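Predicted, not measured: the structure shown is a model, and the values here were computed from it. Lettering follows sequence order; numbering is per chain, from 1. Keep in mind that the numbers below use all heavy atoms, side chains included, and drop hydrogens, waters and symmetry copies.
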Protein chains: 2
Amino acid sequence: MAETGTTTPRERYRAQVRAEIKQRAWEQIATAGASGLSLNAIAKQMGLSGPALYRYFAGRDELITELIRDAYRSLADAFRAASAAGAGLAGLARTLRAWALDDPQRYFLVYGTPVPGYHAPDDVTALASEIMASLLDASAEAPSDGPAAPFAAQLEGLGRQWADGHPAPPAALRRALAFWTRLHGVLSLELAGHFTGMGFDPAHLFTAELTTLTDPSDPSDAIDPPGGPDRSG
Amino acid sequence: MAETGTTTPRERYRAQVRAEIKQRAWEQIATAGASGLSLNAIAKQMGLSGPALYRYFAGRDELITELIRDAYRSLADAFRAASAAGAGLAGLARTLRAWALDDPQRYFLVYGTPVPGYHAPDDVTALASEIMASLLDASAEAPSDGPAAPFAAQLEGLGRQWADGHPAPPAALRRALAFWTRLHGVLSLELAGHFTGMGFDPAHLFTAELTTLTDPSDPSDAIDPPGGPDRSG
DNA sequence: TTGCGTTCGTTAGAAGTTGTAACGCACAGC
DNA sequence: GCTGTGCGTTACAACTTCTAACGAACGCAA
């Protein structure tokens, strides 16, 4: 079953050790955050000396970059799978939230505080584009008629730039952007613990914000219920 | 003008050195992030030996906690000043964005990736409540009639919990929450550089999201323009 | 099966970090 | 002017990342 292809024993061993290093790194990150990741501690856990790990990763930065890459790939895969299963914007939102709650620090590795000097390698930005492409696919499903809004008009033809030349109308771009920023806004604050002790269920806030995206004219969870004050006067 | 009160020369000197340490720390954080903060480097910059700083801060953690405290206080002050100047939700949004852009790492110190083990001291949560109070003040200004939405209904009487017993109606709580999460969503992604190279102005996206808060029924930047598809069929 | 070469893990060490301990000096207040 | 508190020092321990040099083990090929 394990059709590993033409890999030498050394390559297999190397891949296995690299995988174990990354797994231990994930465990460490989950409990101490990315800044608390220690190569030496990982080596000790594996019964190795510190410098041994440098045979597998050039250094701490490369390991973290690899973890970021895996995190992006994981989210991109989840989105692609959801898309393939026919999930719409709501399905993607559920996928995103489940992915985030599954490992909050993994979410923060992708969308959290950036290191000022760090610049993501090209393949990572490619994965980001793939994620955006799945999002645009789902955003384009819902029909968009009516005149283009001022900001949306600014988005004309930007799909080519974002996601592998995705040809999406401005309204879809606007919707995808709102999906991203609003759900990230709720999720990141929830995962950071800023809602603890506030007495409401973050999941409800998440779905309420989702509703503003999938059903913009649905008043059920709008900011202002219908029949508000007459603003024309 | 400088009514320092009854402070001994030693106290004044101590306060001055502490202030200089914090200032250098802010500079370091701005260029290398919070994880790149080094007490030794600060000491060298000030012409001191490493352990000298431990007379002023118990350790790295206490210094960072103090910086977080200052960051919270800074935002709370900015919000209070804006509120006192009669700023509404839009004014608070402008204040927030200017405060964030002024020092992105300071923003991330407050709303960025949390350290798993860290728990904020009580006075910091009190400042968070004060920020929330300013937000609720502005949120309560706009009248809210109509039936309470499902999620908003869950927020009944929660103002007492959030912000110094602030008596706000559910709709105001809902609005404040949306203000917080939506603007944070846009701001944090912008500051993290996730919009770079996408070809649109993050400021426009910010104001577009703000419009959904201050003018929920304004179609100008809504997700779906008016006259959308008939969803009842 | 017998080499040979790549790869791996080791120890040693440099340069950095946080943080503690002990010492001396200088300053402020009495 | 004396005295004690507070400050800065050096020395040190324990940790980190990361390099260098060495030896052993392993796979492959003849």
Side-chain angles (χ1 to χ4, degrees), chain A residues 2 4-29 31-68 109 115-118, chain B residues 4-68 109 115-118:
Chain A
T4 51
T6 61
T7 59
T8 68
R10 280 222 148 113
E11 282 172 346
R12 263 175 295 170
Y13 178 74
R14 183 178 179 79
Q16 189 179 340
V17 173
R18 273 179 69 101
E20 183 175 350
I21 292 173
K22 290 204 282 187
Q23 181 204 327
R24 309 254 185 185
W26 279 117
E27 294 168 4
Q28 260 192 22
I29 284 182
T31 62
S35 62
L37 192 150
S38 161
L39 290 195
N40 253 329
I42 293 175
K44 275 182 193 166
Q45 278 185 353
M46 294 176 66
L48 293 176
S49 265
L53 295 199
Y54 288 81
R55 297 279 176 196
Y56 301 94
F57 293 95
R60 218 184 88 111
D61 283 2
E62 192 187 288
L63 174 56
I64 291 187
T65 297
E66 184 72 21
L67 296 179
I68 293 175
L109 224 48
V115 176
Y118 179 80
Chain B
T4 51
T6 60
T7 60
T8 69
R10 281 224 149 112
E11 282 173 346
R12 263 175 296 171
Y13 178 74
R14 183 176 178 79
Q16 190 179 339
V17 175
R18 273 179 69 100
E20 183 176 350
I21 292 173
K22 290 204 282 186
Q23 182 203 327
R24 309 254 186 186
W26 278 118
E27 293 167 5
Q28 260 192 21
I29 284 182
T31 63
S35 61
L37 192 150
S38 161
L39 290 194
N40 253 328
I42 293 175
K44 274 182 192 165
Q45 278 184 353
M46 294 176 66
L48 293 175
S49 263
L53 295 199
Y54 287 81
R55 296 279 177 197
Y56 300 95
F57 293 95
R60 218 184 88 111
D61 284 2
E62 192 187 288
L63 175 55
I64 291 186
T65 297
E66 184 72 20
L67 297 178
I68 293 175
L109 223 48
V115 176
Y118 180 80

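Contact annotation: the side chain of A/Tyr13 never approaches that of A/Thr8 to less than 4.5 Å [non-hydrogen atoms, C-beta and beyond]. No side-chain heavy atom of A/Ile29 sits under 4.5 Å from any side-chain heavy atom of A/Ile64. Using a 4.5 Å heavy-atom threshold, the side chains of B/Trp26 and B/Leu109 count as touching. Between B/Ile42 and B/Leu63, the closest side-chain pair of non-hydrogen atoms falls below 4.5 Å.
Note on A/Ser49: a side-chain N or O is less than 4.0 Å away from OP1 or OP2 of C/dT11. The shortest distance between the side-chain N/O atoms of B/Tyr13 and the OP1/OP2 oxygens of D/dT5 is not below 4.0 Å. At the phosphate of C/dT18, OP1 or OP2 sits under 4.0 Å from a side-chain N or O atom of B/Asn40. Within the structure, every side-chain polar atom (N or O) of B/Arg14 is placed at least 4.0 Å from both OP1 and OP2 of D/dG6.
Counting to the nearest Å, the P atom of D/dC18 and the CD1 atom of A/Ile42 are 12 Å from each other. The interatomic distance linking A/Met46 (CE) with C/dT10 (P) rounds to 11 Å, in whole Å. For the pair B/Tyr56 OH and D/dT9 C1', the computed distance is 13 Å after rounding to whole Å. A straight line from NZ of A/Lys44 to P of D/dT17 spans 10 Å, rounded to a whole angstrom. Remark: C1' of D/dT5 and CD of B/Glu11 are 13 Å apart, rounded to the nearest angstrom. One can place CZ of A/Arg18 at 13 Å from P of C/dG9, the figure rounded to the nearest angstrom. The separation between B/Glu20 atom CD and D/dG8 atom P is 11 Å, rounded to whole Å. If you measure from atom CZ of B/Arg12 to atom C1' of C/dC27, you get 13 Å, rounded to the nearest angstrom.
In this structure, A/Ser38 reaches the sugar-phosphate backbone alone: every heavy-atom distance under 4.0 Å involves primed, P, OP1 or OP2 atoms, never a base. Among the atoms of the strands shown, none is found under 4.0 Å from any heavy atom of A/Phe57.
Closest-nucleotide positions on DNA chain C for B/Leu37 and A/Leu53 were compared, and the one nearer the 5' end corresponds to A/Leu53.
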Report, one pair per line, the protein and nucleotides 19-22 of chain C atoms (nitrogen or oxygen only) whose separation is under 3.5 Å.
from, atom 1, to, atom 2, distance (Å)
C/dG19, OP2, B/Tyr54, OH, 3.3
C/dG19, OP2, B/Arg60, N, 2.6

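A donor-acceptor contact under 3.5 angstrom links the side chains of A/Gln23 and A/Glu27, judged on distance only.
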